[in-house]
Amino acid sequence: MEYRNIAIIAHVDHGKTTLVDGLLKQTLKLKHGEEIAERAMDSNDLEKERGITILAKNTAVEYKGIKINIVDTPGHADFGGEVERVLGMVDGALVLVDAAEGPMPQTRFVLRKAIELGLKPIVVINKIDRQDARIEEVVNLTFDLMAELGANDDQLDFPILYAVAREGKAFKDLDNPQEDMHELFEMVLEYIPAPPVDLEAPFQMLVTNLDYSEYLGRIVLGRVQRGQVKKGEFVQLMHKDGTMTKTRVIQPFTHLGLNRIEADVVGAGDIVALAGIEDAQIGETVADLADPEALPIITVDEPTVSMT
Ligand code: GDP
């Protein structure tokens, strides 16, 4: 399997949820046809009502046989190091900006981290249907913001998409609008680097986040750096003080749509969850039993200024 791992950076209400809905719907449509896609999306309504949680998880879509993991970024300094950790799992970011409002504090806060981490940005100007849209100006403001945040030449050379997420549209050329989001998918495949997929190497994964299930206990989340791990396999949990605990992967999970699904094996490049690693803490490494090697912890400069 080949992957692309991306984050979505957006100020609240700029259309993150709507955009992800559109991406999901399009991949469902490609796979199953329009009617089934509509029905599947409707059954997500309950989840949608829970609002902010919908994207707290990883969303995964498949396009042309490539799995695209889309992670949400908490957009506020209150989340401390979580932004850096989440961004550490991805190689690129969709920077979603409202065509009328332009970049806002939350855009800026997360974008700064993304730029620092060297991620490749794709700028998506959303809501171009708004009466008060000022598309060109907003593109320029976004460019200026990136320059101010220290973007390198490569990052400043970002591609741009124009979107009406609410109508499931995103396209490259304002003079040649498209009725769907295939140009966005193509751009992600083309422009965002694929993570390395070395399945033969000893397993290695940085614990980026923790979750909890009533049945399975603690669940660790992260991107598999290299290798793979099977259900029932023993691994080493490498603590920050250099000690290790031998522990067993009770159940690996991958993602499909908005759901976390059980897998027999998960491997390099994918963003996964593992149940069974009971003592795990954020920043620790889950590693191969025989050949464990710790990953560096993503350095977190705790924000001193919030939402500037
Ligand atoms: P989020 O907070 O970033 O997840 O934003 P939502 O996806 O919830 O969208 C916020 C509001 O913007 C909702 O009322 C959407 O219907 C609306 N919206 C999303 N995309 C578009 C668009 O392309 N055009 C217009 N006019 N409104 C949109």
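Start at 1 and go down the list; that is how both ligands and their atoms are numbered. Just so it is clear, the structure is predicted and the values come from calculations on it, not from any experiment. All values below were derived from every heavy atom in this structure, side-chain atoms included, with hydrogens, water molecules and symmetry-related copies excluded.
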- With N58, the side-chain contact (heavy atoms from CB on, under 4.5 Å) member among I271, V86, L258: I271

- Note on the structure: Note: ligand 1 atoms sitting under 4.0 Å from heavy atoms of K16 are 1 (P), 3 (O), 4 (O), 5 (O), 7 (O)

- Would one find more than 12 heavy atoms of other residues, nucleotides or ligands at under 6.0 Å from atom CG of D264? no

- Task: Looking only at non-hydrogen atoms, find the nearest pair between A114 and I9 and report the distance.
- Result: CB-CD1, 3.7 Å

- Geometric cation-pi criterion, K120 with Y191: 6.0 Å, 45°: yes

- Message: With a heavy-atom distance limit of 4.0 Å, tell me whether A165 approaches ligand 1 through its side chain, its backbone, both, or neither.
- Response: both

- Do the side chains of T247 and D279 get nearer than 4.5 Å, heavy atoms only? no

- Query: Heavy-atom distance to atom 8 (O) of ligand 1: which of N126, T17, I8 wins?
  - Reply: T17

- Query: Quick one: which ligand 1 atoms are inside 4.0 Å of a heavy atom on T18?
  - Reply: 6 (P), 7 (O), 9 (O), 15 (C), 19 (C), 20 (N)

- Numbered atoms and elements of ligand 1 in range of V164, under 4.0 angstrom, heavy atoms: 23 (O)

- Message: For R166, which part has a heavy atom under 4.0 Å from ligand 1: side chain, backbone, both, or neither?
- Response: both

- Message: Taking distance alone, with N or O pairs closer than 3.5 Å, would you say L19 contacts ligand 1?
- Response: no

- Message: I'd like the name of whichever of H14, K127, Q106 reaches closest to atom 11 (C) of ligand 1 through any heavy atom.
- Response: K127

- Item | Which segment of D13 sits under 4.0 Å of ligand 1 when only heavy atoms are counted | both

- Message: Pair V224, Q228 - check side chain to side chain contact (heavy atoms under 4.5 Å, CB included), show working.
- Response: CA-CA 8 Å; V224 180; Q228 48 188 336; over 6 Å; no

- Charged N to carboxylate O below 4.0 Å: is that the case for K169 and E179? yes

